[in-house]
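Worksheet: one structure, shown below.
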Amino acid sequence: MNLNTPAPPLSGTMDVDEFMAFLETRPDEERWDLIEGAAVKMAPQSYAGQRIAYNLCQLLNTAFGARRLDLFAYIDAGVRSPGVRNFQPEPNVVVVPGIAGYDLYSERFRLVAEVLSPTNTRQEIDLKLLRYREAPDNQYAVVIEPREFRVEIYCKRVDWQPAILTNADDPIEMPEFGLRCRVADLYVGTPLDPLAARVI
């Protein structure tokens, strides 16, 4: 059995309360998303994928600090959309305002980012993107391919029209957050980082 292959959906009618009860029965090291009423086991993220998520959090949190914004970027935190009972994923990066509380999810997120794994399907990602765009407070949804320079940025300010960035020097600009960087900055410390390749 391939341990990196997500389990098939358990149910297409599960709501968030049932999902939370289900999570209590699972080992802590497992990561599950509730997508359209189906509990889906997520494959473990590679070290490169984890580094990309860390890099994005660091870039965002540095920008927030410079502008004194009451925002913080977290890794692998749960989100919900108000009024949607069959959706509770755990994006790789989540931006949430205010003091960190004891909740396991937030409905007030401002950005979500998904770092793809080989087992992600386009259908799954598109379903998530649909829900992320519907969330009233959200401003950005980002999809990152860890094995090549490819960053999809969906921004509320431009009616969620995607910007597809495929060059290392393409700029990433999020003026709401004071963030300006390059695509390559997300890939620092991964096999796509030219400096890392030289060290290897």
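Here the structure is a predicted model, which means the values were calculated and not measured. Scope of the values below: all heavy atoms of this structure, side chains included, with no hydrogens, waters or symmetry mates.
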Derivation of the side chain to side chain contact (heavy atoms under 4.5 Å, CB included) call for L71 and F177: CA-CA 9 Å; L71 298 169; F177 302 148; 3.8 Å; yes

Sub-6.0 Å ring centroid separation between F22 and W32: yes

Check: T190 main-chain N/O paired with D193 side-chain donor or acceptor under 3.5 Å: no

From L130 atom CG to D126 atom CG, the distance as rounded to the nearest 0.5 Å: 9.0 Å

Considering all heavy atoms, the nearest R85-D17 contact: NH2-OD2, 2.7 Å

Hey, can you pull the donor-acceptor pairs under 3.5 Å for the side chains in residues 74-81, sequence neighbours left out?
from	atom 1	to	atom 2	distance (Å)
R80	NE	Q88	OE1	2.6
R80	NH1	Y105	OH	3.0
R80	NH2	Q88	OE1	2.9

Which atom of R31 lies closest to which atom of P91, heavy atoms considered: NH2-C, 3.9 Å

Contact check, side chains of I35 and E124, non-hydrogen atoms, under 4.5 Å: yes

Flag, side chain of D170 to backbone of T166, donor-acceptor distance under 3.5 Å: yes

Polar side-chain atom of D15 near backbone of E18 as donor-acceptor pair, under 3.5 Å: yes

Salt bridge flag under 4.0 Å for residues E152 and R122: yes

Extract all donor-acceptor atom pairs below 3.5 Å that involve side chains of residues 52-69 and protein atoms in other chains or at least two apart in sequence.
from	atom 1	to	atom 2	distance (Å)
Y54	OH	Q58	NE2	3.4
N55	OD1	R51	NE	3.1
N55	ND2	R51	O	3.3
N55	ND2	L186	O	3.0
N55	ND2	V188	O	2.8
N61	OD1	A73	N	2.7
N61	ND2	C57	O	3.2
N61	ND2	A73	O	3.3
T62	OG1	Q58	O	2.8
R67	NH1	P175	O	2.7

R157 side chain reached by Q139 side chain, heavy atoms, under 4.5 Å: no

Check: V112 and Y140 side chains under 4.5 Å, non-hydrogen atoms: no

Joint cluster assignment, V16 & L23, ILVMFWY side-chain distance < 4.5 Å: yes

Check: M174 and V142 side chains under 4.5 Å, non-hydrogen atoms: yes

Minimum-distance pair of heavy atoms, taken over all atoms of P171 and L165: O-CD1, 3.6 Å

Neighbour count above 12 (heavy atom, 6.0 Å) for I164 CD1: yes

Cluster overlap L127 with W160, hydrophobic side-chain contacts below 4.5 Å: no

Heavy-atom side-chain contact between N138 and K156 under 4.5 Å: no

Side chain to side chain contact (heavy atoms under 4.5 Å, CB included) between I153 and I172, intermediate numbers included: CA-CA 9 Å; I153 300 178; I172 295 174; 3.8 Å; yes

Contact check, side chains of M42 and N92, non-hydrogen atoms, under 4.5 Å: no

Main-chain N/O of R150 paired with E148 side-chain donor or acceptor, under 3.5 Å: no

Linked, directly or transitively: L104 and F19 (ILVMFWY side chains, under 4.5 Å): yes

Heavy-atom pair with the smallest gap, counting every atom of A168 and R182: O-CB, 3.7 Å

L34 side chain reached by M14 side chain, heavy atoms, under 4.5 Å: yes

Transitive ILVMFWY side-chain link V115 to L111, under 4.5 Å: yes

Residues forming a side-chain hydrogen bond (donor to acceptor under 3.5 Å, both in side chains) with E114, sequence neighbours excluded: K128, Y132

SB check E36 R131 (cutoff 4.0 Å): yes

Salt-bridge criterion met for R108 and D137 (N-O under 4.0 Å): no

Check ion pair D33-K41 (N to O, under 4.0 angstrom): no

Side-chain touch D159/Y154, heavy atoms, less than 4.5 angstrom: no

Shared hydrophobic cluster, F72 / V96 (ILVMFWY, side-chain heavy atoms < 4.5 Å): yes

